[in-house]
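Read the structure below first, then the notes.
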Amino acid sequence: MLKVIIADDEQRICRLVQVLADWEALGMEVIGTAENGFEALDLVKKTHPDILITDIRMPGCDGLELIRQAKLSCAHLEVVIISGYAHFEYAQNAIRYGVGNYLLKPIRREELMETLLKMKERILKRIDEEETTQALHQDNQNKLSRLKGSLLKDLLNGEKIQLSREKLKETYYFDGKGEYYQTFVMKIDCDVRKIDGEAVEILREKAEMTLRNGLEKCCEEMLLYFKGYSVYGLLNYAAGKTSAIRKKLRDCLNQMEAKKRIYGMIEFSMAIGGEVGLPQELEHSLRNAKEAIKERLLEGTGRLLEGVPKGSGRLKQRELDRYAKRIEHAIEVLDAEEAADACQELEQDVIQIPEICGRELYEVVAVAGNLFAARIGIDSVEEIQQEFVAHYCKQCSKKEQLFGELERLQTHLIGQVQESRANESARPIRLAKQYVLQHFSEPITLEEVCEAVGFSVSYFSALFKKETGEGFAKYLTRIRIDEAKNLLRETSLSVGEIGEKVGYSDRKHFTSNFRKIVGLNPAEYRKLYG
């Protein structure tokens with residue numbers, strides 16, 4: 001609804017205007033009336049109406065002064081002047097304040113409605129144009145934000161780009177006027193099985209708000225890029241602000257750490273990649289930040305990590321070879337406990353390496369997980385390997401969690417293979433049982449069933465006994481006798497006819513087998529249960 005204020009020193013004029021117009025049909029609402037210019041101006045400032053209908057001559061603050069000051073308060077205010085013929089020339093002076101609508105006394109309903117309708121059209125058109133302009137501006141801002149974000153995205157993806165200050169400005173719209181650049185990464189560590197979707201979006205929003213509030217004022221230019229559970233940042237700032245920037249980064253991390261209990265089981269860490277003065281050094285700086293953040297595995301979370309440690313400087317192939325030998329038997333017999341022991345022994349071997357660093361720990365576990373997935377021989381190996389590294393290892397904040405994920409992967413894959421093999425073993429049994437149910441009235445032989453399911457007699461016999469707990473011949477007899485019991489209870493067929501229907505051409509043989517299993521001959525069974 002459009003809001004309207006009516007101002008006239010004659011109350012009857014105010015009431016007349018209120019009564020004459022069909023405000024509901026116009027989509028308008030009279031939110032107040034005033035008897036002098038001061039009251040009207042106070043109402044305008046408090047309520048910010050869309051339309052002001054005012055007499056041109058009023059005591060105190062007259063109509064022209066009211067319009068001038070009201071326009072200062074509400075630039076888009078539409079004004080209708082009420083004037084008598086004696087004051088018409090006076091009313092015309094209001095044109096210089098952008099007033100083009102006036103009503104002559106006595107006010108007529110048709111003229112009032114027509115004037116208000118035209119004003120409504122102007123207001124709605126203006127609102128539509130403003131919304132369109134705002135939408136275009138927002139769309140341009142979004143496009144600009146994506147272009148800027150693509151700088152960090154390209155650097156993270158290892159794109160070969162020859163960066164310079166001109167390239168940053170022209171291609172990525174990153175107009176950093178400061179002398180120095182600083183890259184950083186804030187890592188959000190949590191259990192991805194419990195925290196994802198909307199919860200991650202909330203964490204990202206909180207991280208972005210904290211970083212922008214803490215850093216934007218002391219930077220010439222700032223860029224953030226979100227990928228998974230990491231926030232990558234690029235700062236540009238003037239010389240002499242190095243210490244202040246690092247302090248602000250620590251403050252931002254401390255703020256997130258202080259609130260982590262609110263968010264749940266979440267850890268925050270931050271790493272900086274080193275201050276550089278040339279755009280072409282940004283790739284190296286960002287790579288260092290990515291490597292430095294892995295040191296939280298040993299140094300702990302909640303820290304501002306800086307610099308990439310040298311590490312042990314040696315290959316871990318000996319430890320990985322020992323792990324590979326240990327898991328061979330575990331995979332062969334599908335023993336999850338034995339595989340877990342191999343994982344724990346690998347952890348002990350690696351931790352004992354002098355000067356081992358977080359980066360190397362991460363690499364060892366990633367290789368071990370890929371090795372286990374490849375050795376166990378399941379489908380979608382590459383997909384599982386990628387998910388293990390990118391989705392689970394990256395979310396570990398401690399070395400214990402990292403090796404715990406390796407153990408979890410081993411147990412999961414062994415379980416998958418066990419289930420798959422169980423299904424493979426059960427399939428021929430299901431087929432054999434189905435064949436028996438369809439053909440038990442015929443003289444079935446074990447050889448016929450084995451041919452139907454595609455297995456040798458010796459293998460199938462052993463498998464059937466293992467899976468069902470009884471031999472095939474005993475199972476076939478039980479199925480036939482169960483069906484015979486049904487026919488004895490529910491039909492008037494003779495014992496001989498029932499024997500034939502369940503696969504016995506010899507009545508004596510049928511009666512003998514029936515007595516062995518049921519404890520009664522067929523005739524006795526019928527008398528008791530038929």
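Partners of E201 by side chain to side chain donor-acceptor pair (under 3.5 Å), not counting sequence neighbours, listed by chain and number: R204. For H509, the side chain to side chain donor-acceptor pair (under 3.5 Å) criterion is met by N513, not counting sequence neighbours. Not a single salt bridge (charged side-chain N to carboxylate O under 4.0 Å, His left out) links R375 to another residue, sequence neighbours left out. In terms of the salt bridge (charged side-chain N to carboxylate O under 4.0 Å, His left out) criterion, residue partners of K177 (sequence neighbours excluded) are, by chain and number, D175. E405 meets the salt bridge (charged side-chain N to carboxylate O under 4.0 Å, His left out) test with R193, R408; sequence neighbours excluded. Listed by chain and residue number, E208, E216 satisfy the salt bridge (charged side-chain N to carboxylate O under 4.0 Å, His left out) test with R212 (two or more places apart in sequence, or in another chain). Residues meeting the side chain to side chain donor-acceptor pair (under 3.5 Å) test with R480, sequence neighbours left out: none.
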Check: residues 446-464 side-chain donor-acceptor pairs under 3.5 Å, at least two apart:
from: E448; atom 1: OE1; to: T445; atom 2: N; distance (Å): 3.2
from: S456; atom 1: OG; to: Y459; atom 2: N; distance (Å): 3.3
from: S461; atom 1: OG; to: V457; atom 2: O; distance (Å): 2.8

Can you list, pair by pair, the side-chain donor-acceptor contacts under 3.5 Å of residues 387-397, counting residues two or more places apart and other chains?
from: Q395; atom 1: OE1; to: K187; atom 2: NZ; distance (Å): 2.6
from: Q395; atom 1: NE2; to: I188; atom 2: O; distance (Å): 3.0
from: S397; atom 1: OG; to: Q401; atom 2: OE1; distance (Å): 3.1

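Heavy atoms from other residues, nucleotides or ligands lying under 6.0 Å from OH of Y180 number 12 at most. In K290, the NZ atom is not crowded: 12 or fewer heavy atoms of neighbouring residues, nucleotides or ligands sit closer than 6.0 Å. Within 6.0 Å of atom CD in Q344, more than 12 heavy atoms from other residues, nucleotides or ligands are found, so the atom counts as buried in its surroundings.
Listed by first and then second residue, the side-chain hydrogen bond (donor to acceptor under 3.5 Å, both in side chains) pairs involving residues 231-256 are Y237-E275, T242-E275, R246-E306, K247-D251 (not counting sequence neighbours). Screening residues 420-453 for ring-ring contact (aromatic ring centres under 6.0 Å, His included), with sequence neighbours left out, gives Y435-H439. Counting only residues at least two apart or on different chains, the side-chain hydrogen bond (donor to acceptor under 3.5 Å, both in side chains) pairs with a member in residues 346-355 are R322-D349, R326-D349.
At a threshold of 4.0 Å, the pair R287-E291 does not count as salt-bridged, since none of the basic side-chain nitrogens sits closer than that to a carboxylate oxygen. Using a 4.0 Å cut-off between a side-chain N of Lys or Arg and a carboxylate O of Asp or Glu, R478 and E470 qualify as a salt bridge.
Between the Q410 side chain and the C343 main chain, no donor and acceptor come within less than 3.5 Å of each other. Side chain of E295 to backbone of R359: a donor-acceptor contact under 3.5 angstrom is found.
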